[in-house]
Participant: 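Below is one structure. I have some questions about it.
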Amino acid sequence: MMIGNTVQEQLDNFMDGLKRRNPHEHEFHQAVYEVAASIIPFIFHKSVYQQANILERLTEPDRIITFRVCWEDDEGNIRVNRGYRVQHCNAIGPYKGGIRFHYDVSRSILKFLAFEQTFKNSLTGLPMGGAKGGADFNPKGKSDREVMRFCQAFMTELYRHIGPFTDVPAGDIGVGAREISYLFGQYKRLANEFTGVLTGKGLAFGGSLIRSEATGYGAVYIMQDMLKYHQQTIEGKTIVVSGSGNVAQYTVEKAIELGGKVVTMSDSSGFIYDPDGIDQQKLDFIKQLKQVRRGRISEYASEFKVKFYEKQKPWSIACDLAFPCATQNEINAEDAATLVKNGCLAVSEGANMPTEQAGINLFQQSKILYIPSKAANAGGVAVSGLEMTQNSMRLSWSREELDQRLRKIMQDIHDKCVEYGKQEDGTVNYLKGANIGGFIKVADAMLAYGVI
Ligand code: NDP
Ligand code: 2IT
């Protein structure tokens, strides 16, 4: 049972306990608070969830695997990193979620991501549980061979914990097509098995069309749905995007295809502002820059003679729509206030948890259309789920078929957010809708299993 006589008391007691059990894990506390603040009011009078202690069970990962990754760099130095896989919950399907290689990867960051993934995967309607993994490895400046040796060393431990019916990893920050190929090659070698154990694979070896595009396209599709529901469209809107990796690139591609004008992109060094708008040709330059040459976004500024704002984030540029697509906590309260002040209508989160809680509060008070990451960026994992389906059937669907399925899944997620998030005054609280919509299926499966 939750302890406390009011919703607020229950929330406070629950968060106190969570923080006590998971000290110093600020990102994990933040992600859990954001969900608990929606779920506790929802289950307050639902004794079946209360008695089963569902929320406490859902905030304790099934297991966390931590391991040493030892590899040799090009100079012959022996290097050591820490690898992780957080298998959060497999109530509704095999564990599923990305792998992140970034120097700031920590237990807290992966726990928050795996927790979020459980709700996100449920929202897709596909049978996938939640997980996340990664390492505190910094791929920047590493040669291809160093990345290959790191991936092989990482998989040499991870392979015994995953499998097509157990846990199916994919990409995330720092893990794209190149890394997935190395990881899959090593899995195949060790397991002596060709199975769909990773998603985001190359098209030659079981990958799915549209997977690269899916997260970004999905974030724009759900923005389109949210705007349509409020009698608006993307056409003619000025759009600010952060990041310039996988999610940002395909967010920009779909947004400009639908007639939006995207004026910014960024990386960890700063952002570029192109008042004329980024067109497909300029975007192709970015794809080549980031996917092939692995260069910096500042090169765009030199190439197209626009301004580069060093060490700054793009939120000060006036816009109608914002798509944070870089990383967690990239919009703080001040950034959110600036977006609101400049008349921003809607925010769709391509990145995971890009907005701090104080920023979310501001968006909600100002009635901006705000759709949280677990709904907005679910298109990526949704097409991963479709990759698993195709692998099981040993066939490949066409681009059109996959795009239509992705489109429908995003629309269904939008509608689920409306179903559970519609307020008495007629407005939609998409955050509440996404949290409750994701929770119910997982919680009901857990109830059915009894005490496990
Ligand atoms: P990429 O590695 O392809 O790109 C990441 C981008 O974000 C780069 O432009 C990077 O800049 C920037 N970035 C990363 N960390 C920071 C930081 N600390 N400060 C400022 N900028 C930063 O990753 P993805 O595009 O795949 O992922 C972006 C976000 O989307 C993440 O939050 C991820 O969890 C989320 N996501 C990804 C999905 C996918 O399918 N790939 C699915 C759903 C969500 P730099 O190169 O300088 O580091
Ligand atoms: O955060 C995410 O949803 C991802 N990085 C994609 C996960 C996946 O399994 O495709």
Side-chain angles (χ1 to χ4, degrees), residues 27 93-105 109-110 112-121 123-124 126 128-134 138-141 162 167-180 196-201 207-208 210-219 241-252 265-272 286-287 289-291 294-298 300 311-314 323-331 349-355 373-388:
E27 294 85 1
Y95 301 110
K96 179 88 196 83
I99 292 180
R100 178 178 292 191
F101 291 163
H102 192 269
Y103 62 82
D104 75 3
V105 158
I109 287 183
L110 296 181
F112 114 62
L113 288 162
F115 173 76
E116 286 277 295
Q117 197 81 44
T118 299
F119 294 84
K120 183 195 308 190
N121 293 1
L123 280 170
T124 66
L126 301 173
M128 299 182 290
K132 203 82 185 191
N138 181 4
K140 284 204 192 74
I162 62 175
D167 184 352
V168 183
D172 194 76
I173 292 178
V175 177
R178 172 181 64 169
E179 291 75 18
I180 292 292
V197 73
L198 288 151
T199 58
K201 298 186 291 295
S208 173
I210 296 279
R211 176 62 190 89
S212 307
E213 295 89 334
T215 311
Y217 280 17
V241 173
S242 68
S244 50
N246 170 271
V247 178
Q249 288 166 24
Y250 292 101
T251 295
V252 173
M265 288 183 84
S266 71
D267 62 21
S268 55
S269 318
F271 77 92
I272 55 101
I286 295 213
K287 286 185 182 171
L289 174 72
K290 289 291 174 182
Q291 294 177 19
R294 297 179 194 277
R296 309 305 300 159
I297 194 78
S298 52
Y300 181 102
K311 287 280 162 218
Q312 289 185 50
K313 296 180 287 184
F323 289 89
C325 296
T327 193
Q328 65 275 353
N329 291 330
E330 54 172 316
I331 298 182
E349 296 185 330
N352 282 307
M353 202 172 74
T355 312
S373 48
K374 60 173 74 67
N377 71 32
V381 76
V383 175
S384 280
L386 301 179
E387 183 171 331
M388 290 165 72

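Start at 1 and go down the list; that is how both ligands and their atoms are numbered. Scope of the values below: all heavy atoms of this structure, side chains included, with no hydrogens, waters or symmetry mates.
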Participant: Under 4.0 Å from a heavy atom of A351: which atoms of ligand 1 are those, numbered in the order shown and with their elements?
Facilitator: 29 (C), 30 (O), 32 (O), 35 (C)

Participant: Can you tell me which residue and heavy atom of the protein come closest to atom 27 (O) of ligand 1, and the distance to 0.1 Å?
Facilitator: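 The closest one turns out to be I173 CG1, 3.7 Å.
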
Participant: Relative to ligand 1, is A214 under 4.0 angstrom through side chain, backbone, both or neither, heavy atoms considered?
Facilitator: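 Contact part for A214 vs ligand 1: neither.
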
Participant: Below 4.0 angstrom from a heavy atom of S244, which ligand 1 atoms are there? Numbered from 1 as shown, please.
Facilitator: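 Here the atoms of ligand 1 in question are 9 (O).
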
Participant: For ligand 2, what N or O to protein N or O distances fall under 3.5 Å?
Facilitator:
residue, atom, partner, partner atom, Å
ligand 2, 1 (O), Q117, OE1, 3.4
ligand 2, 1 (O), K120, NZ, 3.0
ligand 2, 1 (O), K132, NZ, 2.9
ligand 2, 1 (O), N352, ND2, 3.0
ligand 2, 3 (O), Q117, OE1, 3.4
ligand 2, 3 (O), Q117, NE2, 3.0
ligand 2, 3 (O), K120, NZ, 2.7
ligand 2, 5 (N), K132, NZ, 3.2
ligand 2, 5 (N), G171, O, 3.0
ligand 2, 5 (N), D172, OD1, 3.0
ligand 2, 9 (O), K96, NZ, 2.6
ligand 2, 10 (O), R211, NH2, 3.0
ligand 2, 10 (O), S384, OG, 2.5

Participant: Could you tell me whether atom 10 (C) of ligand 1 has a protein heavy atom closer than 4.0 Å?
Facilitator: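 No, no protein heavy atom sits under 4.0 Å from atom 10 (C) of ligand 1.
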
Participant: If you measure every N/O of Q328 against every N/O of ligand 1, is any gap under 3.5 Å?
Facilitator: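 No, there is no polar N/O contact under 3.5 Å.
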
Participant: For ligand 1, which atoms, with element, lie under 4.0 Å from some heavy atom of G243?
Facilitator: 9 (O)

Participant: Quick one, N377 and V247 - any side-chain contact, counting heavy atoms below 4.5 Å?
Facilitator: no

Participant: Would you mind running through ligand 1 and noting each atom that sits below 4.0 Å from a heavy atom of H102?
Facilitator: 15 (N)

Participant: Given side chains that start at C-beta, do those of L126 and N121 come closer than 4.5 Å, heavy atoms only?
Facilitator: no

Participant: E116: which residues meet the salt bridge (charged side-chain N to carboxylate O under 4.0 Å, His left out) condition with it, sequence neighbours left out?
Facilitator: K374

Participant: Ignoring hydrogens, what is the shortest heavy-atom contact between S242 and A326? Give both atom names and the distance.
Facilitator: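 Shortest heavy-atom contact: OG-N, 3.6 Å.
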
Participant: Suppose we measure from atom 28 (C) of ligand 1 to each protein heavy atom; which comes out shortest, and what is that distance?
Facilitator: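 Closest protein heavy atom to atom 28 (C) of ligand 1: A326 O, 3.2 Å.
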
Participant: So for ligand 1, is K290 a polar contact partner (N or O within less than 3.5 Å, distance only)?
Facilitator: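 No: no nitrogen or oxygen of K290 is under 3.5 Å from one in ligand 1.
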
Participant: Give the C-alpha distance, both sets of side-chain angles, the deciding distance and a yes or no for side chain to side chain contact (heavy atoms under 4.5 Å, CB included) between E27 and D104.
Facilitator: CA-CA 12 Å; E27 294 85 1; D104 75 3; over 6 Å; no

Participant: Just to confirm my output: which protein heavy-atom neighbour is closest to atom 45 (P) of ligand 1, and how far is it?
Facilitator: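 Closest protein heavy atom to atom 45 (P) of ligand 1: S268 OG, 3.5 Å.
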
Participant: Do side-chain atoms of N352 reach the backbone of S373 as a donor and acceptor pair under 3.5 angstrom?
Facilitator: no

Participant: With atom 2 (O) of ligand 1 as the reference point, say which of G270, G176, G174, G245 has the nearest heavy atom.
Facilitator: G174

Participant: Please report which non-hydrogen protein atom sits nearest to atom 16 (C) of ligand 1, along with the residue it belongs to and the distance in Å to one decimal place.
Facilitator: T327 CG2, 3.6 Å

Participant: May I ask you to identify, for R211, whether its side chain, its backbone, both or neither come under 4.0 Å of ligand 1 on a heavy-atom basis?
Facilitator: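 It is the side chain that gets close, since no backbone atom is under 4.0 Å.
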
Participant: Closer than 4.0 Å to some heavy atom of G350 - which atoms of ligand 1 meet that?
Facilitator: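 Those of ligand 1 that fall under 4.0 Å from G350 are 30 (O), 35 (C), 36 (N), 44 (C).
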
Participant: Give the atoms of ligand 1, by number and element, whose distance to some non-hydrogen atom of C325 is under 4.0 Å.
Facilitator: 28 (C), 29 (C)

Participant: For atom 3 (O) of ligand 1, which candidate among D172, N246, T215 holds the nearest heavy atom?
Facilitator: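 Ranked by closest heavy atom to atom 3 (O) of ligand 1, first place is N246.
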
Participant: Answer yes or no: is there a side-chain heavy-atom contact under 4.5 Å between V383 and S208?
Facilitator: yes

Participant: Answer yes or no: is there a side-chain heavy-atom contact under 4.5 Å between Y300 and M265?
Facilitator: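 Sidechains of M265 and Y300: no contact.
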
Participant: Restricting to salt bridge (charged side-chain N to carboxylate O under 4.0 Å, His left out), what partner residues turn up for E387, sequence neighbours left out?
Facilitator: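 With sequence neighbours excluded, E387 shows a salt bridge (charged side-chain N to carboxylate O under 4.0 Å, His left out) to K201, given in chain and number order.
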
Participant: What's the shortest distance from atom 37 (C) of ligand 1 to any protein heavy atom, and which residue and atom give it?
Facilitator: V247 CG2, 3.4 Å

Participant: What are the atoms of ligand 1, with element, lying closer than 4.0 Å to any heavy atom of R100?
Facilitator: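 Per the distance check, 31 (C), 32 (O), 33 (C), 34 (O).
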
Participant: Which pairs with one or both residues in residues 168-177 pass salt bridge (Lys or Arg N to Asp or Glu O under 4.0 Å), sequence neighbours excluded?
Facilitator: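 Matches after skipping sequence neighbours: R100-D172, K132-D172.
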
Participant: Is there a side-chain contact between M128 and V168 in this structure, where contact means two heavy atoms from C-beta onward sitting under 4.5 Å apart?
Facilitator: no

Participant: Mark yes or no for whether S244, through its side chain, and S266, through its backbone, hold a donor-acceptor pair below 3.5 Å.
Facilitator: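 Indeed, once roles are kept as given, a pair shorter than 3.5 Å links the two residues.
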
Participant: With a cut-off of 4.0 Å, which atoms of ligand 1 are near a heavy atom of S266?
Facilitator: 9 (O)

Participant: Please check this pair: side chain of K120 against backbone of A375, looking for a donor-acceptor N/O pair closer than 3.5 Å.
Facilitator: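 Side chain of K120 to backbone of A375, a donor-acceptor pair under 3.5 Å: no, none is there.
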
Participant: Does S212 reach the side chain of N246, with side-chain heavy atoms less than 4.5 Å apart?
Facilitator: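 S212 reaches N246 side chain to side chain.
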
Participant: State whether the shortest distance between N or O atoms of N352 and N or O atoms of ligand 1 falls below 3.5 angstrom.
Facilitator: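 Indeed, backbone or side chain, N352 has an N or O that close.
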
Participant: Is any N or O atom of K140, backbone or side chain, closer than 3.5 Å to an N or O atom of ligand 1?
Facilitator: yes

Participant: With a 4.5 Å cut-off on side-chain heavy atoms, are I286 and I297 touching?
Facilitator: yes

Participant: Can you tell me which residue among K140, R296, R294, K313 is in a salt bridge (charged side-chain N to carboxylate O under 4.0 Å, His left out) with D267?
Facilitator: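 Among K140, R296, R294, K313, the one meeting salt bridge (charged side-chain N to carboxylate O under 4.0 Å, His left out) with D267 is R296.
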
Participant: What's the spacing between I99 CD1 and I162 CD1 if we round to 0.5 Å?
Facilitator: 6.5 Å

Participant: With a 4.0 Å cut-off on heavy atoms, is R296 in contact with ligand 1?
Facilitator: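 True for this residue.
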
